[in-house]
Amino acid sequence: MPLHKRDEILRVIDTLTGRYLQGKVRAIRLALITLLCGGHLLIEDIPGLGKTTLALALARALGLSFGRIQCTSDLLPSDITGLSIFDRDENRFRFVPGPIFNNILLVDEINRAMPRTQSALLEAMEEGRVTVEGHTYPLPDPFLVIATQNPAEQVGTYPLPESQLDRFLISTGVGYPPSDIEKGIIRNGSIRGEIRRIEALLTLDDIQEARQTVRESIYLSDKVVDYIYALMAASRSHAMILAGISTRGGINLADAARAMAFLEGRDYVIPEDVQHIAAPAAAHRLILQPEHEGLRKEELLCAIVRQLPVPLA
């Protein structure tokens, strides 16, 4: 079965990683998997590793509108959603949309926004619309939030609670680039200006068709469903875990595995797709026992995956 628009999606990955985002293949692939699934991406890493550059380059290559919010402790929900102002010329209130009305929204340092603002943003992500002063406004489609979060130990932050972390389809870091690539970045300086000149490689119709292919044409067998459920059950009964993968987490894991199969050129999911995407799609949803909170969730989930029997074809 032909996988419509797969070649075009791969061309975006090749273009961005070949010139503008060298050493960030994994982060770009995960961002596109998130987009193909209609979810949202959380990037947790230290400042200065290219999180903003990644979001901006992705928006340019996809031909989508881009907005950015720099979170601070005094950021209000209306700073994100917009608000109504009185127009003296028309003698009436007029709604001024906020930055959330963009296809790709970078929410920088989301854990510096107060919980009320975080909650308003996450509700809009879930509902695909915002309600301001009694009026409901739909958000654009596609709508991808790329939120960044500094490590929780930094001063002055409001870490997202686990219930809100569950709203993100994928969570990942960016990581340091390989040494030879990082030396080249130091030598050549910032490429922010070049990124603003990236030509769109896809149309909105291309993106919608690719998403439809992932949603409707990638087969998920009963054996793979059983495998995903076994992973969920193992996380729920693990001695170090207080609360394992939720039902929403299982749905998101299946969706992400479909997108992974699409990128790999298959119209069916295999257990290896689940294995590769399990940590980015599910680890951030785990709630650890208090005495094990110092453990890395990704490593714990990967250990669980390794212990699970792999279904045979």
Side-chain angles (χ1 to χ4, degrees), residues 1-17 21 24-43 54-66 102-106 125-126 128 139-147 166-172 174 198 200-221 224-225 228 248-285:
M1 176 183 295
L3 297 176
H4 299 291
K5 304 303 177 185
R6 173 178 175 265
D7 291 344
E8 289 84 348
I9 295 289
L10 294 182
R11 189 154 62 96
V12 171
I13 297 174
D14 291 342
T15 300
L16 292 182
T17 58
L21 298 168
K24 302 191 187 309
V25 177
R26 182 174 181 272
I28 288 291
R29 284 176 65 90
L30 290 175
L32 286 170
I33 285 173
T34 308
L35 176 73
L36 291 170
C37 296
H40 304 285
L41 175 67
L42 177 65
I43 301 177
L54 184 151
L56 183 59
L58 194 63
R60 296 291 304 175
L62 296 175
L64 299 174
S65 63
F66 175 78
N102 281 288
N103 293 116
I104 293 183
L105 178 66
L106 174 64
M125 291 161 52
E126 183 74 11
L139 295 175
D141 183 28
F143 175 59
L144 169 65
V145 169
I146 301 178
D166 199 44
R167 308 290 179 89
F168 288 93
L169 187 135
I170 295 288
S171 176
T172 184
V174 175
I198 296 176
L201 300 172
L202 295 176
T203 66
L204 188 57
D205 288 342
D206 290 335
I207 296 170
Q208 299 290 19
E209 190 171 345
R211 293 173 66 177
Q212 183 178 4
T213 301
V214 170
R215 187 170 57 247
E216 300 178 1
S217 302
I218 306 297
Y219 176 65
L220 191 71
S221 69
V224 175
V225 172
I228 292 173
R248 175 162 48 199
I251 295 170
N252 287 171
L253 180 54
D255 290 343
R258 283 191 175 97
M260 175 71 79
F262 171 82
L263 293 181
E264 294 298 322
R266 279 180 276 101
D267 62 358
Y268 56 92
V269 177
I270 60 177
E272 285 77 3
D273 295 323
V274 178
Q275 294 170 351
H276 288 152
I277 204 65
H284 61 290
R285 306 170 195 270

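Checking each of Leu62, Ile146, Ile104 against Leu35 for a side chain to side chain contact (heavy atoms under 4.5 Å, CB included) leaves exactly one that passes, namely Leu62. For the side chain to side chain contact (heavy atoms under 4.5 Å, CB included) with Leu16, the qualifying choice from Val25, Leu201, Leu32, Ile198 is Ile198, the only one to do so.
Between Glu209 atom CD and Leu202 atom CG the span is 11.0 Å, to the nearest 0.5 Å. The distance from the CG atom of Asp267 to the CZ atom of Phe262 is 11.5 Å, given to the nearest 0.5 Å. Remark: Cys37 SG to Ile251 CD1 distance equals 12.5 Å, nearest 0.5 Å. Here the CG-OG distance, from Leu41 to Ser171, works out to 7.5 Å after rounding to the nearest 0.5 Å. Atoms CD and CD1, on Glu216 and Ile218 in that order, are 11.0 Å from each other to the nearest 0.5 Å. A distance of 10.0 Å separates CG of Leu10 from CG of Leu3, quoted to the nearest 0.5 Å.
You'll find the side chain of Arg26 reaches within 4.5 Å of the side chain of Pro280, heavy atoms only. Side-chain contact check for Leu36 versus Thr213: every heavy-atom pair is 4.5 Å or farther apart. Within the 4.5 Å cutoff, the side chain of Pro140 has heavy atoms near those of the Asn103 side chain.
Smallest separation of non-hydrogen atoms from Ile228 and Gly250: CG2-O, 4.1 Å. In plain terms, the two heavy atoms of Pro142 and Leu204 that are nearest each other are CD-CD1, 3.3 Å. For the pair Ala256 and Ile277, the tightest heavy-atom approach, listed with the atom from each and the gap, is CB-CG1, 3.6 Å. For the residue pair Ala261 and Tyr268, the shortest heavy atom distance occurs at CB-O, 3.4 Å. Nearest heavy-atom pair, Leu106 versus Ala55, reported as atom, atom and distance to 0.1 Å: CD1-CB, 4.1 Å. Counting all heavy atoms, side chain and backbone alike, Ile170 lies closest to His284 at C-CE1, 4.2 Å.
Of the possible donor and acceptor atoms, none in the side chain of Thr34 sits under 3.5 Å from a partner among the backbone N and O of His40. With hydrogens and angles ignored, the 3.5 Å screen pairs a side-chain donor or acceptor of Arg6 with a backbone N or O of Leu263. A donor-acceptor pair under 3.5 Å is formed between the side chain of Arg285 and the backbone N or O of Phe168. In this structure, the side chain of Asn252 does not engage the main chain of Gly249 through any donor-acceptor pair within 3.5 Å.
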side-chain contact (heavy atoms from CB on, under 4.5 Å) assessment of Glu264 paired with Ile270: CA-CA 11 Å; Glu264 294 298 322; Ile270 60 177; over 6 Å; no
Assess the residue pair Met260 and Arg29 against the criterion (side-chain contact (heavy atoms from CB on, under 4.5 Å)); give the C-alpha distance rounded to whole Å, side-chain angles, the decisive distance to 0.1 Å, and a yes or no. CA-CA 9 Å; Met260 175 71 79; Arg29 284 176 65 90; 3.9 Å; yes
Going through the distances and angles, do Leu64 and Leu144 end up as a side-chain contact (heavy atoms from CB on, under 4.5 Å)? CA-CA 10 Å; Leu64 299 174; Leu144 169 65; over 6 Å; no
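The pair Asp141-Arg211 counts as a salt bridge, with a side-chain nitrogen and a carboxylate oxygen less than 4.0 angstrom apart. The pair Arg258-Asp255 counts as a salt bridge, with a side-chain nitrogen and a carboxylate oxygen less than 4.0 angstrom apart. A salt bridge links Arg248 to Glu126: one of the charged nitrogens lies within less than 4.0 Å of a carboxylate oxygen.
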